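As C-alpha coordinates, the structure follows; a few thoughts come after it.
Because the structure is predicted, anything quoted here is derived from the model rather than measured.
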Amino acid sequence: MTVVSVLLAGSLVAVGWYRAALQPLPKGDPFYVRFESKRSFDDVAQELVEKGVVRDALALKIYAILQRKSRGIEVGTFQFWPGMSPDETLHALRFPVEQQVRIPEGFWIARVAPILEKAEVCTAKEYIAAAHDPSRFKDVVSFDLPEDSLEGYLYPDTYDLPPMLGADEVIKRQLRAFEEKVWKPAIAEGVTPDQMRDKIVVASMIELEAAVDEERPVIAGVIKNRIDNGDKLQIDATVLYALQEWKELAPGEVDKVESPYNTYLHTGLPPGPIGSPAWRSVIAAIHPEENGYLYYVARPNHHHYFSKTYQEHRRNINKAHKEYEQRQDA
(Lines give C-alpha, C1' and ligand atoms only; values in the text may rest on other atoms or scores of the structure.)
Protein backbone atom coordinates (compact mmCIF):
# COMPACT_ATOMS: atom_id res chain seq x y z
CA MET A 1 0.00 0.00 0.00
CA THR A 2 1.40 3.37 -1.03
CA VAL A 3 1.83 6.31 1.27
CA VAL A 4 -0.99 8.09 -0.56
CA SER A 5 -3.27 5.13 0.01
CA VAL A 6 -2.43 5.07 3.70
CA LEU A 7 -3.14 8.78 4.05
CA LEU A 8 -6.37 8.44 2.13
CA ALA A 9 -7.50 5.53 4.26
CA GLY A 10 -6.60 7.44 7.42
CA SER A 11 -8.52 10.47 6.21
CA LEU A 12 -11.59 8.38 5.48
CA VAL A 13 -11.42 6.87 8.97
CA ALA A 14 -11.07 10.35 10.52
CA VAL A 15 -13.98 11.69 8.51
CA GLY A 16 -16.07 8.69 9.48
CA TRP A 17 -15.23 9.18 13.15
CA TYR A 18 -15.96 12.91 12.96
CA ARG A 19 -19.35 12.42 11.34
CA ALA A 20 -20.31 9.68 13.77
CA ALA A 21 -19.14 11.70 16.77
CA LEU A 22 -21.35 14.62 15.73
CA GLN A 23 -24.50 12.54 15.43
CA PRO A 24 -27.11 13.56 18.02
CA LEU A 25 -27.77 11.27 20.95
CA PRO A 26 -31.32 10.01 21.70
CA LYS A 27 -33.69 12.82 22.67
CA GLY A 28 -34.09 13.67 26.35
CA ASP A 29 -35.73 16.24 28.61
CA PRO A 30 -34.38 19.82 28.70
CA PHE A 31 -32.44 20.96 31.76
CA TYR A 32 -30.51 24.00 32.92
CA VAL A 33 -26.82 24.43 33.65
CA ARG A 34 -25.44 27.54 35.31
CA PHE A 35 -21.86 28.77 34.96
CA GLU A 36 -20.87 31.21 37.71
CA SER A 37 -17.61 32.18 35.99
CA LYS A 38 -16.36 32.34 32.42
CA ARG A 39 -15.49 28.86 31.16
CA SER A 40 -13.31 27.61 28.33
CA PHE A 41 -15.05 25.94 25.41
CA ASP A 42 -13.08 22.75 26.07
CA ASP A 43 -14.29 22.52 29.68
CA VAL A 44 -17.90 23.12 28.75
CA ALA A 45 -17.80 20.65 25.86
CA GLN A 46 -16.49 17.94 28.20
CA GLU A 47 -19.22 18.76 30.74
CA LEU A 48 -21.85 18.41 28.02
CA VAL A 49 -20.50 14.97 27.23
CA GLU A 50 -20.73 13.99 30.91
CA LYS A 51 -24.31 15.28 31.04
CA GLY A 52 -25.32 13.27 27.98
CA VAL A 53 -25.93 16.23 25.69
CA VAL A 54 -23.33 15.44 22.99
CA ARG A 55 -21.25 12.40 22.05
CA ASP A 56 -17.73 13.75 21.82
CA ALA A 57 -16.08 16.90 23.15
CA LEU A 58 -13.26 16.95 20.60
CA ALA A 59 -15.63 16.58 17.66
CA LEU A 60 -17.76 19.44 18.99
CA LYS A 61 -14.64 21.58 19.46
CA ILE A 62 -13.52 20.93 15.87
CA TYR A 63 -16.99 21.77 14.58
CA ALA A 64 -17.02 24.98 16.64
CA ILE A 65 -13.61 26.01 15.26
CA LEU A 66 -14.81 25.43 11.69
CA GLN A 67 -17.89 27.52 12.47
CA ARG A 68 -15.74 30.17 14.21
CA LYS A 69 -17.76 29.73 17.41
CA SER A 70 -15.22 28.22 19.78
CA ARG A 71 -14.83 31.21 22.10
CA GLY A 72 -15.19 30.95 25.87
CA ILE A 73 -18.59 30.65 27.52
CA GLU A 74 -19.86 33.61 29.52
CA VAL A 75 -21.47 33.59 32.98
CA GLY A 76 -25.13 32.65 32.83
CA THR A 77 -27.79 29.97 32.80
CA PHE A 78 -27.99 27.78 29.70
CA GLN A 79 -30.56 25.24 28.56
CA PHE A 80 -29.57 21.92 27.02
CA TRP A 81 -31.13 18.57 26.28
CA PRO A 82 -29.80 15.21 25.16
CA GLY A 83 -30.01 14.84 21.41
CA MET A 84 -29.07 18.41 20.50
CA SER A 85 -27.50 18.86 17.08
CA PRO A 86 -24.10 20.57 16.90
CA ASP A 87 -25.75 23.77 15.63
CA GLU A 88 -28.33 23.71 18.41
CA THR A 89 -25.59 23.20 20.99
CA LEU A 90 -23.47 26.08 19.70
CA HIS A 91 -26.53 28.33 19.57
CA ALA A 92 -27.42 27.45 23.17
CA LEU A 93 -23.88 28.26 24.29
CA ARG A 94 -24.04 31.69 22.69
CA PHE A 95 -27.29 32.80 24.29
CA PRO A 96 -27.81 32.48 28.06
CA VAL A 97 -31.41 32.02 29.13
CA GLU A 98 -33.27 35.26 29.86
CA GLN A 99 -36.38 35.15 32.01
CA GLN A 100 -38.49 38.11 33.01
CA VAL A 101 -39.91 37.62 36.52
CA ARG A 102 -42.31 40.15 38.02
CA ILE A 103 -42.08 40.75 41.75
CA PRO A 104 -45.33 42.56 42.57
CA GLU A 105 -45.54 45.75 44.59
CA GLY A 106 -46.52 45.22 48.20
CA PHE A 107 -45.55 41.55 48.40
CA TRP A 108 -43.65 40.59 51.52
CA ILE A 109 -40.70 38.20 51.50
CA ALA A 110 -42.68 35.01 52.06
CA ARG A 111 -45.08 35.94 49.23
CA VAL A 112 -42.24 36.60 46.78
CA ALA A 113 -40.43 33.34 47.58
CA PRO A 114 -42.91 30.97 45.83
CA ILE A 115 -42.80 33.11 42.68
CA LEU A 116 -39.04 32.63 42.49
CA GLU A 117 -39.31 28.92 43.19
CA LYS A 118 -41.92 28.44 40.47
CA ALA A 119 -39.63 30.21 38.01
CA GLU A 120 -36.77 27.91 39.12
CA VAL A 121 -34.66 30.92 40.12
CA CYS A 122 -34.06 29.56 43.63
CA THR A 123 -36.00 27.70 46.27
CA ALA A 124 -38.45 29.57 48.46
CA LYS A 125 -36.55 28.43 51.54
CA GLU A 126 -33.26 29.82 50.21
CA TYR A 127 -34.78 33.20 49.42
CA ILE A 128 -36.46 33.56 52.80
CA ALA A 129 -33.28 32.58 54.63
CA ALA A 130 -31.13 35.00 52.63
CA ALA A 131 -33.60 37.87 53.08
CA HIS A 132 -33.43 37.41 56.84
CA ASP A 133 -29.63 37.58 56.89
CA PRO A 134 -28.85 41.19 55.90
CA SER A 135 -25.21 40.92 56.96
CA ARG A 136 -24.55 38.92 53.78
CA PHE A 137 -25.36 42.00 51.71
CA LYS A 138 -23.76 44.84 53.69
CA ASP A 139 -21.35 45.65 50.83
CA VAL A 140 -24.00 45.67 48.09
CA VAL A 141 -25.35 49.17 48.79
CA SER A 142 -23.91 52.36 50.25
CA PHE A 143 -26.27 52.64 53.25
CA ASP A 144 -26.67 50.59 56.40
CA LEU A 145 -29.13 47.72 56.13
CA PRO A 146 -31.49 46.63 58.91
CA GLU A 147 -30.03 43.98 61.18
CA ASP A 148 -32.81 41.41 61.24
CA SER A 149 -34.62 41.45 57.89
CA LEU A 150 -34.59 43.07 54.47
CA GLU A 151 -38.37 43.33 54.47
CA GLY A 152 -39.34 46.52 52.66
CA TYR A 153 -35.90 47.01 51.08
CA LEU A 154 -36.26 44.43 48.29
CA TYR A 155 -37.57 46.58 45.49
CA PRO A 156 -40.57 45.21 43.57
CA ASP A 157 -40.04 45.26 39.82
CA THR A 158 -39.69 43.06 36.75
CA TYR A 159 -36.21 41.57 36.62
CA ASP A 160 -34.27 39.30 34.31
CA LEU A 161 -33.93 36.34 36.67
CA PRO A 162 -32.80 33.23 34.82
CA PRO A 163 -33.30 29.78 36.32
CA MET A 164 -30.66 28.71 38.85
CA LEU A 165 -29.59 32.32 39.46
CA GLY A 166 -29.76 31.82 43.22
CA ALA A 167 -31.33 33.77 46.08
CA ASP A 168 -28.30 35.96 46.79
CA GLU A 169 -28.16 37.30 43.24
CA VAL A 170 -31.87 38.09 43.27
CA ILE A 171 -31.54 40.02 46.52
CA LYS A 172 -28.48 41.91 45.28
CA ARG A 173 -30.45 43.11 42.26
CA GLN A 174 -33.40 44.11 44.42
CA LEU A 175 -31.20 46.02 46.86
CA ARG A 176 -29.41 47.89 44.09
CA ALA A 177 -32.77 48.80 42.57
CA PHE A 178 -33.98 49.99 46.00
CA GLU A 179 -30.93 52.22 46.35
CA GLU A 180 -31.45 53.80 42.93
CA LYS A 181 -35.26 54.02 42.93
CA VAL A 182 -36.03 54.70 46.60
CA TRP A 183 -33.06 55.52 48.80
CA LYS A 184 -31.35 58.13 46.65
CA PRO A 185 -34.60 59.87 45.56
CA ALA A 186 -35.84 59.91 49.17
CA ILE A 187 -32.60 61.48 50.38
CA ALA A 188 -33.01 64.06 47.60
CA GLU A 189 -36.51 64.77 48.99
CA GLY A 190 -34.98 65.63 52.35
CA VAL A 191 -35.46 62.34 54.19
CA THR A 192 -32.57 61.58 56.54
CA PRO A 193 -31.17 58.05 56.92
CA ASP A 194 -32.59 57.94 60.46
CA GLN A 195 -36.07 58.77 59.14
CA MET A 196 -35.93 56.30 56.27
CA ARG A 197 -37.14 53.18 58.06
CA ASP A 198 -40.34 54.83 59.31
CA LYS A 199 -41.02 56.14 55.81
CA ILE A 200 -40.62 52.65 54.39
CA VAL A 201 -42.94 51.24 57.08
CA VAL A 202 -45.65 53.76 56.21
CA ALA A 203 -45.09 53.25 52.47
CA SER A 204 -45.45 49.49 52.84
CA MET A 205 -48.90 49.98 54.40
CA ILE A 206 -49.92 52.49 51.74
CA GLU A 207 -48.86 50.05 49.02
CA LEU A 208 -51.24 47.40 50.31
CA GLU A 209 -54.09 49.77 51.21
CA ALA A 210 -54.21 52.01 48.13
CA ALA A 211 -55.27 50.74 44.71
CA VAL A 212 -55.22 54.04 42.81
CA ASP A 213 -52.27 56.41 42.78
CA GLU A 214 -54.17 59.60 43.58
CA GLU A 215 -55.31 58.15 46.91
CA ARG A 216 -51.84 57.23 48.16
CA PRO A 217 -51.05 60.65 49.70
CA VAL A 218 -54.61 60.79 51.08
CA ILE A 219 -54.12 57.48 52.91
CA ALA A 220 -50.69 58.68 54.02
CA GLY A 221 -52.46 61.67 55.55
CA VAL A 222 -54.91 59.41 57.40
CA ILE A 223 -52.02 57.39 58.83
CA LYS A 224 -50.26 60.56 59.97
CA ASN A 225 -53.43 61.97 61.51
CA ARG A 226 -54.18 58.81 63.48
CA ILE A 227 -50.62 58.58 64.79
CA ASP A 228 -50.67 62.26 65.77
CA ASN A 229 -53.97 61.65 67.61
CA GLY A 230 -52.62 58.59 69.38
CA ASP A 231 -55.23 56.40 67.67
CA LYS A 232 -54.58 52.81 66.63
CA LEU A 233 -54.03 52.60 62.88
CA GLN A 234 -56.37 49.59 62.52
CA ILE A 235 -55.00 48.58 59.12
CA ASP A 236 -56.05 45.12 57.94
CA ALA A 237 -52.86 44.60 55.94
CA THR A 238 -50.77 44.62 59.12
CA VAL A 239 -52.88 41.78 60.53
CA LEU A 240 -52.44 39.81 57.32
CA TYR A 241 -48.70 40.34 57.57
CA ALA A 242 -48.77 39.07 61.14
CA LEU A 243 -50.60 35.98 59.87
CA GLN A 244 -48.25 35.74 56.87
CA GLU A 245 -51.30 35.01 54.77
CA TRP A 246 -53.09 37.11 52.17
CA LYS A 247 -56.81 36.50 52.55
CA GLU A 248 -60.11 38.09 53.58
CA LEU A 249 -60.19 38.49 57.34
CA ALA A 250 -63.08 36.87 59.18
CA PRO A 251 -65.29 39.01 61.46
CA GLY A 252 -63.52 39.63 64.76
CA GLU A 253 -60.31 37.98 63.57
CA VAL A 254 -58.32 41.21 63.89
CA ASP A 255 -58.75 41.14 67.67
CA LYS A 256 -57.40 37.61 68.03
CA VAL A 257 -54.05 37.91 66.28
CA GLU A 258 -51.38 38.44 68.93
CA SER A 259 -48.55 40.20 67.16
CA PRO A 260 -46.71 43.53 67.44
CA TYR A 261 -47.70 44.00 63.78
CA ASN A 262 -51.39 43.98 64.63
CA THR A 263 -52.32 47.65 64.49
CA TYR A 264 -55.76 46.89 65.89
CA LEU A 265 -54.11 45.96 69.19
CA HIS A 266 -51.08 48.28 69.27
CA THR A 267 -50.73 52.01 68.73
CA GLY A 268 -48.12 53.59 66.52
CA LEU A 269 -46.33 52.08 63.55
CA PRO A 270 -45.68 48.35 63.30
CA PRO A 271 -42.09 47.39 64.15
CA GLY A 272 -41.07 47.06 60.51
CA PRO A 273 -42.26 47.18 56.90
CA ILE A 274 -45.01 44.76 55.91
CA GLY A 275 -43.92 44.40 52.29
CA SER A 276 -41.99 46.02 49.49
CA PRO A 277 -43.37 49.42 48.44
CA ALA A 278 -42.78 51.05 45.09
CA TRP A 279 -41.58 54.65 44.86
CA ARG A 280 -45.14 55.94 44.32
CA SER A 281 -46.02 54.84 47.87
CA VAL A 282 -42.73 56.05 49.34
CA ILE A 283 -43.20 59.56 47.95
CA ALA A 284 -46.73 59.56 49.42
CA ALA A 285 -45.28 58.62 52.80
CA ILE A 286 -42.75 61.43 52.50
CA HIS A 287 -45.40 63.97 51.51
CA PRO A 288 -48.72 62.95 53.10
CA GLU A 289 -51.71 65.04 52.18
CA GLU A 290 -52.76 67.50 54.85
CA ASN A 291 -56.36 66.60 55.55
CA GLY A 292 -58.57 66.01 58.54
CA TYR A 293 -59.44 62.44 57.61
CA LEU A 294 -59.21 59.74 60.27
CA TYR A 295 -61.06 56.91 58.51
CA TYR A 296 -61.46 55.28 55.14
CA VAL A 297 -63.33 52.32 53.74
CA ALA A 298 -62.74 50.49 50.47
CA ARG A 299 -65.25 50.61 47.63
CA PRO A 300 -65.72 47.97 44.91
CA ASN A 301 -64.27 50.35 42.28
CA HIS A 302 -60.90 50.23 44.14
CA HIS A 303 -61.34 53.78 45.48
CA HIS A 304 -62.14 54.66 49.11
CA TYR A 305 -64.59 56.78 51.03
CA PHE A 306 -62.75 59.08 53.45
CA SER A 307 -64.24 60.66 56.56
CA LYS A 308 -63.28 62.88 59.49
CA THR A 309 -65.68 61.50 62.09
CA TYR A 310 -66.68 58.03 63.19
CA GLN A 311 -70.35 58.77 62.48
CA GLU A 312 -69.51 59.69 58.90
CA HIS A 313 -67.31 56.63 58.66
CA ARG A 314 -70.24 54.38 59.66
CA ARG A 315 -72.37 55.95 56.95
CA ASN A 316 -69.59 55.36 54.42
CA ILE A 317 -69.32 51.73 55.48
CA ASN A 318 -73.03 51.28 54.77
CA LYS A 319 -72.67 52.99 51.40
CA ALA A 320 -69.74 50.75 50.47
CA HIS A 321 -71.64 47.62 51.55
CA LYS A 322 -74.58 48.59 49.33
CA GLU A 323 -72.21 49.10 46.39
CA TYR A 324 -70.74 45.64 46.92
CA GLU A 325 -74.23 44.14 47.08
CA GLN A 326 -75.29 45.91 43.90
CA ARG A 327 -72.22 44.62 42.13
CA GLN A 328 -72.98 41.04 43.22
CA ASP A 329 -76.58 41.33 42.03
CA ALA A 330 -75.63 42.80 38.67
Side-chain angles (χ1 to χ4, degrees), residues 102-109 111-112 131 134 137-159 170-231 233-235 237-238 241 261 263 267-296 302-304 306 308:
R102 179 174 176 264
I103 298 177
E105 296 88 345
F107 273 37
W108 54 72
I109 291 166
R111 293 181 74 196
V112 172
F137 307 99
K138 60 183 178 65
D139 296 327
V140 174
V141 290
S142 61
F143 56 90
D144 292 336
L145 294 171
E147 294 183 1
D148 55 345
S149 171
L150 294 174
E151 193 76 86
Y153 292 76
L154 302 173
Y155 196 74
D157 208 340
T158 298
Y159 297 88
V170 176
I171 289 174
K172 287 176 184 178
R173 296 181 188 193
Q174 289 184 276
L175 285 173
R176 292 184 185 118
F178 178 88
E179 181 168 35
E180 293 302 316
K181 297 182 179 184
V182 174
W183 187 274
K184 290 180 179 179
I187 294 296
E189 289 287 331
V191 179
T192 68
D194 289 340
Q195 296 170 331
M196 191 71 73
R197 186 168 178 82
D198 282 354
K199 299 301 182 185
I200 299 304
V201 173
V202 173
S204 71
M205 292 187 288
I206 296 170
E207 190 66 58
L208 290 173
E209 291 289 290
V212 292
D213 287 348
E214 61 264 29
E215 289 189 354
R216 296 179 193 279
V218 186
I219 291 176
V222 175
I223 292 173
K224 181 179 184 301
N225 293 339
R226 292 185 69 86
I227 289 176
D228 289 347
N229 281 0
D231 297 332
L233 292 178
Q234 297 182 328
I235 290 177
T238 64
Y241 182 78
Y261 283 90
T263 55
T267 57
L269 294 176
I274 62 170
S276 293
W279 171 246
R280 61 191 181 184
S281 292
V282 178
I283 193 66
I286 295 172
H287 299 295
E289 178 183 282
E290 292 186 10
N291 55 55
Y293 297 135
L294 292 172
Y295 306 93
Y296 58 85
H302 303 299
H303 287 71
H304 292 81
F306 296 91
K308 298 180 179 180

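For Tyr241, the ring-ring contact (aromatic ring centres under 6.0 Å, His included) criterion is met by Trp108, Tyr261, not counting sequence neighbours. In this structure, the side-chain contact (heavy atoms from CB on, under 4.5 Å) partners of Gln234, at least two apart in sequence or on a different chain, are Arg226, Lys232, Tyr264. With sequence neighbours excluded, the residues that form a ring-ring contact (aromatic ring centres under 6.0 Å, His included) with Tyr295 are Tyr310, His313.
In this structure the side chain of Asn229 reaches within 4.5 angstrom of the side chain of Leu294, judged on heavy atoms. The shortest side-chain heavy-atom distance between Leu145 and Phe137 falls under the 4.5 Å cut-off. Counting heavy atoms from C-beta on, the side chains of Ser204 and Glu151 never come closer than 4.5 Å. Between Val170 and Tyr159, the closest side-chain pair of non-hydrogen atoms is not below 4.5 Å. Looking at Phe143 and Tyr153, their side chains come closer than 4.5 Å, going by heavy atoms from C-beta outward. Between Ile109 and Ser149, some side-chain heavy-atom pair lies under the 4.5 Å cut-off. Contact of the Val140 side chain with the Glu179 side chain is not registered, since no non-hydrogen atoms from C-beta on lie closer than 4.5 Å.
When all heavy atoms are compared, the tightest approach of Pro134 to Pro146 is CB-O, 3.0 Å. For the pair Pro277 and Gly152, the tightest heavy-atom approach, listed with the atom from each and the gap, is CD-O, 3.7 Å. Residue Lys181 comes nearest to Trp279 through the heavy atom pair O-CE3, 3.5 Å, listed as atom of the first residue, atom of the second, then distance. Summarising the geometry of Ile187 relative to Thr192, their closest heavy-atom pair is CD1-C, 4.3 Å, with the distance given to 0.1 Å. Of all the heavy atoms in Arg197 and Gly272, the pair that sits closest is NH2-CA, 3.8 Å. Taking every heavy atom of both residues into account, Gly292 and Asn225 meet most closely at C-ND2, 3.9 Å.
A distance of 13.0 Å separates CG in Leu233 from NZ in Lys224, rounded to the nearest 0.5 Å. Going from atom CG of Asp139 over to atom CG of Leu175 covers 11.5 Å, rounded to the nearest 0.5 Å. We find the OH-CH2 distance between Tyr155 and Trp183 to be 15.5 Å, quoted to the nearest 0.5 Å. Note that the CD1 atom of Ile283 and the CD atom of Glu189 stand 3.5 Å from one another [nearest 0.5 Å]. Atom CG in Asp213 sits 8.0 Å away from atom OG in Ser281 (nearest 0.5 Å). Atom CD1 of Ile274 sits about 8.0 Å away from atom OG1 of Thr263, to the nearest 0.5 Å.
Residue Glu214 places its CD atom among more than 12 non-hydrogen atoms of other residues, nucleotides or ligands, all under 6.0 Å distant.
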Legend entry - Derivation and outcome, side chain to side chain contact (heavy atoms under 4.5 Å, CB included), residues Leu154 and Val112: CA-CA 10 Å; Leu154 302 173; Val112 172; over 6 Å; no
Inset, instruction - May I have the step-by-step check of side chain to side chain contact (heavy atoms under 4.5 Å, CB included) for Ile200 and Val182, ending in yes or no? - result: CA-CA 9 Å; Ile200 299 304; Val182 174; 3.9 Å; yes
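Between the side chains of Glu209 and Tyr296, at least one donor N or O sits under 3.5 Å from an acceptor N or O.
Between Lys184 and Glu180, at least one side-chain N (NZ, or NE/NH1/NH2) sits under 4.0 Å from a carboxylate O, which counts as a salt bridge. Here Arg216 does not pair with Glu289 in a salt bridge; the nearest charged N to carboxylate O distance is not below 4.0 Å.
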